Amino acid sequence: MKTVKSLKNKHFINLEDFTPDELKGLIDLALELKKKIKNNKPADILKGKNLVMYFSKPSLRTRLSFEIGMAKLGGNSYVIKQDEIILGKRESIEDTSRVISKYADAITIRTFAHSDVETFAKYSSIPVINALTDLSHPCQIMADLLTIYETFKTYKNLKLNYVGDGNNVTNSLLTGCASFGIDITVSCPAGFEPDTNELNKAKEIAEKTGANIEIVNDPLQGVKGADIIYTDVWTSMGQEAEYEKRKEIFKSYQINENLMNNANKNSIILHCLPAHKGEEIDFETFEKYSAPIFNQAENRMWAQMAILASVIK
Ligand code: CP
Ligand code: NVA
């Protein structure tokens, strides 16, 4: 099986660290692994390899898709939760990183500060994979790009409209879409735009790939001509104290029938999940468009297996 060789022993923290060809190589590998394993062909390319996973926020998809994905490739995984090592509290991040490097072949980290993952990586001799920070969620976006390809069989002439909070998922979507030449419009309330740095990095990539990037405040403006409508929760993990305030601010940014009537025919909805139905998407619309959303959840596993297979030595 052809893994993406240039990724060997590299950290997978920021999508912009990789060329569009490298990211496309990962999607090709994910498709190949998915086909092979669904046809009961052996794919134990990580036999004897060990993945450590650290979480300081809750997770269903990320944890299970990495654990089961690792097992399907013949490897093992070990989960450490925040109450066991609070990153940077019981001992320094530098020391935790150097210790885990002695035992494992790769580590995934889900935490708050993106800089903690960067610090961890600086001292790690094994690949560090970003499993979500306050700034970004690159593994999610690889699954999204895989789902888009499976649905449309191309990345050409597609427009994605993200509706809602300009959060970690949005930041990574900007880079992911820019890298793959997909036009992206983010519709969000003023003051809830994506991170400026991340937006600028995506714009630089888009200049080369020809993708168009727009940030608008009117939800009905962004959805026009969109093939993919994407949303995420209005209150991300760690922002729970702002829940009531955010519910009020975002209420006109709900994906519902009215919004979907303004999108392209045959458009799909993507949602990274968990969904807060009745907030960012209504119950009926979620159910009507749920098939690609659950394929997207499944694709977390195949996309991450391609990452693991490529970065682990
Ligand atoms: N989409 C996603 O990352 O889900 P979890 O938070 O359940 O891992
Ligand atoms: N923006 C969400 C994504 C969850 C997968 C959060 O950070 O909570």
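Residue numbers start at 1 and run along the sequence shown. Please read all numbers here as calculations on a predicted model, not as lab measurements. Just follow the structure's listing: the first ligand is 1, and inside any ligand the first atom is 1.
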| Tyr54: what forms a ring-ring contact (aromatic ring centres under 6.0 Å, His included) with it, not counting sequence neighbours? | none
N or O contact, [X] vs ligand 2, cut-off under 3.5 Å:
X: His137; value: no
X: Asp232; value: yes
X: Arg110; value: no

Residue pair [X] / [Y], side-chain heavy-atom distance below 4.5 Å:
X: Ile80; Y: Val52; result: yes
X: Ser187; Y: Asn217; result: no
X: Pro194; Y: Ile215; result: yes

[atom]: nearest protein contact (heavy atom, Å):
atom: atom 6 (O) of ligand 1; result: Arg110 NH1, 2.8 Å
atom: atom 8 (O) of ligand 2; result: Met237 N, 2.8 Å
atom: atom 4 (O) of ligand 1; result: Arg61 NE, 2.8 Å
atom: atom 7 (O) of ligand 2; result: Asn168 ND2, 2.8 Å
atom: atom 2 (C) of ligand 1; result: Arg300 NH1, 3.2 Å

| Within reach of ligand 1, part of Gln140 (heavy-atom separation under 4.0 Å) | side chain
| request: With heavy atoms under 4.0 Å as the rule, classify the contact between Leu273 and ligand 1 as side chain, backbone, both or neither. | output: backbone
| Could Glu118 and Lys122 be called an ion pair, given the rule that one side-chain N must be under 4.0 Å from one carboxylate O? | no
| message | What I want to find out is whether Lys245 reaches Glu248 closely enough, with some N-O distance under 4.0 Å, to be called a salt bridge. | response | no
| field | Proximal ligand 1 atoms for His137, defined as those under 4.0 Å from one of its heavy atoms | value | 2 (C), 3 (O)
| field | Enumerated ligand 1 atoms positioned under 4.0 Å from heavy atoms of Leu60 | value | 5 (P), 7 (O), 8 (O)
| message | Quick check: Phe12 with Phe18 (ring centres under 6.0 Å apart)? | response | yes
| request: Would you check if the side chain of Ser172 reaches a backbone N or O of Ser136 as a donor-acceptor pair within less than 3.5 Å? | output: no
| message | Is the contact between Leu273 and ligand 2 made by the side chain, the backbone, both, or neither, using heavy atoms and a 4.0 Å cut-off? | response | backbone
| request: Answer with yes or no whether the side chains of Asp282 and Thr285 bring together a donor and an acceptor at under 3.5 Å. | output: yes
| request: Over 60° means perpendicular and under 30° means parallel, so classify the ring planes of Tyr155 and Tyr149, tilted if in between. | output: tilted
| What atoms of ligand 2 come within less than 4.0 Å of a heavy atom belonging to Asn167? | 1 (N)
| request: Work out whether the distance between some heavy atom of Lys57 and some atom of ligand 1 is less than 4.0 Å. | output: no
| task | Using distance alone, determine whether Cys272 and ligand 1 share an N or O pair under 3.5 Å. | result | yes
